[in-house]
Amino acid sequence: RKEVEQDPGPFNVPEGATVAFNCTYSNSASQSFFWYRQDCRKEPKLLMSVYSSGNEDGRFTAQLNRASQYISLLIRDSKLSDSATYLCVVRVVDSSYKLIFGSGTRLLVRP
Amino acid sequence: SAVISQKPSRDICQRGTSLTIQCQVDSQVTMMFWYRQQPGQSLTLIATANQGSEATYESGFVIDKFPISRPNLTFSTLTVSNMSPEDSSIYLCSVGKAGGRGNEQFFGPGTRLTVL
């Protein structure tokens with residue numbers, strides 16, 4: 001079983017749609033959680049951290065359910081520029097920088 | 001943030017040869033890492049590059065195949081040795097920096113390697 005699992009997609013949505021991505025992780029000792037964005041042929045970049053209380057950054061909302069070991073990302077009012085692969089990322093030890101990446105969910109936003 | 005450059009950006013190599021990838025950071029960083037991203041896959045950590053000591057390798061990766069140097073706090077190299085087509089991948093350098101968003105990790109642009 002993969003340590004971090006994501007639906008690979010692709011999710012093909014029209015502009016303005018709301019789309020949600022889910023992720024599960026297997027290590028109950030995991031401490032920190034992130035969503036990274038990776039554009040085609042580019043390096044991953046941090047989109048947002050995920051906190052137990054849930055957090056929002058503009059059109060993006062991330063939530064964490066530690067009991068279910070489940071992380072989500074909600075994108076509202078999708079833009080064409082949101083088309084990318086979204087990587088769910090987990091850090092097991094908070095003092096470490098070591099990251100474990102999911103395989104990514106691809107999003108295509110169409111006009 | 002951190003500005004990271006990698007050389008070369010891409011290369012096409014013959015099997016059996018070796019390639020050394022360089023990673024340069026614009027500021028001193030404690031933690032540097034090397035990842036691999038195979039076609040259609042996500043990132044897998046190869047090793048942590050430790051300044052002044054041997055790199056720490058993840059399960060499935062060994063020093064003989066992926067020797068790493070870290071001579072100072074701004075530079076590291078990864079060598080892919082005795083290459084085979086299975087080594088065709090993107091190799092990414094990353095650094096960890098403490099900041100407003102916690103221990104954030106920044107990635108270099110990657111080196112796209114094709115082995116024939």
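Naming: A, B, ... by sequence-line order, numbering from 1 per chain. Treat the numbers as computed from the prediction; the structure is a model and nothing was measured. Both backbone and side-chain heavy atoms feed into the values below; hydrogens, waters and symmetry mates do not.
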Sidechain-backbone polar pair: B/S42 side chain, A/G104 backbone, donor-acceptor under 3.5 Å
no

Any chance you could measure B/Y35, atom OH, to A/F101, atom CZ, to the nearest 0.5 Å?
5.0 Å

State whether the number of non-hydrogen atoms from other residues, nucleotides or ligands found under 6.0 Å of A/K45 atom NZ is greater than 12.
no

Of all residues at least two apart in sequence or in a different chain, which pass the side-chain hydrogen bond (donor to acceptor under 3.5 Å, both in side chains) check with A/N22?
A/Y70

From CD (A/E43) to OG (B/S94), nearest 0.5 Å
11.0 Å

Atom CD1 of A/I100 and atom CG of B/L43: how far apart are they, to the nearest 0.5 Å?
12.5 Å

Greater than 12 external heavy atoms within 6.0 Å of A/E3's CD:
no

A/R106 portion near chain B, given a 4.5 angstrom heavy-atom threshold
neither

Between the CZ atom in B/F33 and the CG atom in A/L99, the distance rounded to the nearest 0.5 Å is 7.0 Å

Report the distance from atom CD of B/Q105 to atom CZ of A/R91, rounding to the nearest 0.5 Å.
7.0 Å

Of the backbone (N, CA, C, O) and the side chain (C-beta and beyond), which part of A/Q6 lies under 4.5 Å from a heavy atom of chain B, both, or neither?
neither

Are A/V109 and A/W35 connected in the hydrophobic side-chain network, where two residues link if heavy atoms are under 4.5 Å apart?
yes

Do the side chains of B/F106 and B/W34 join up, straight or via other hydrophobic residues, at under 4.5 Å, putting them in one cluster?
no

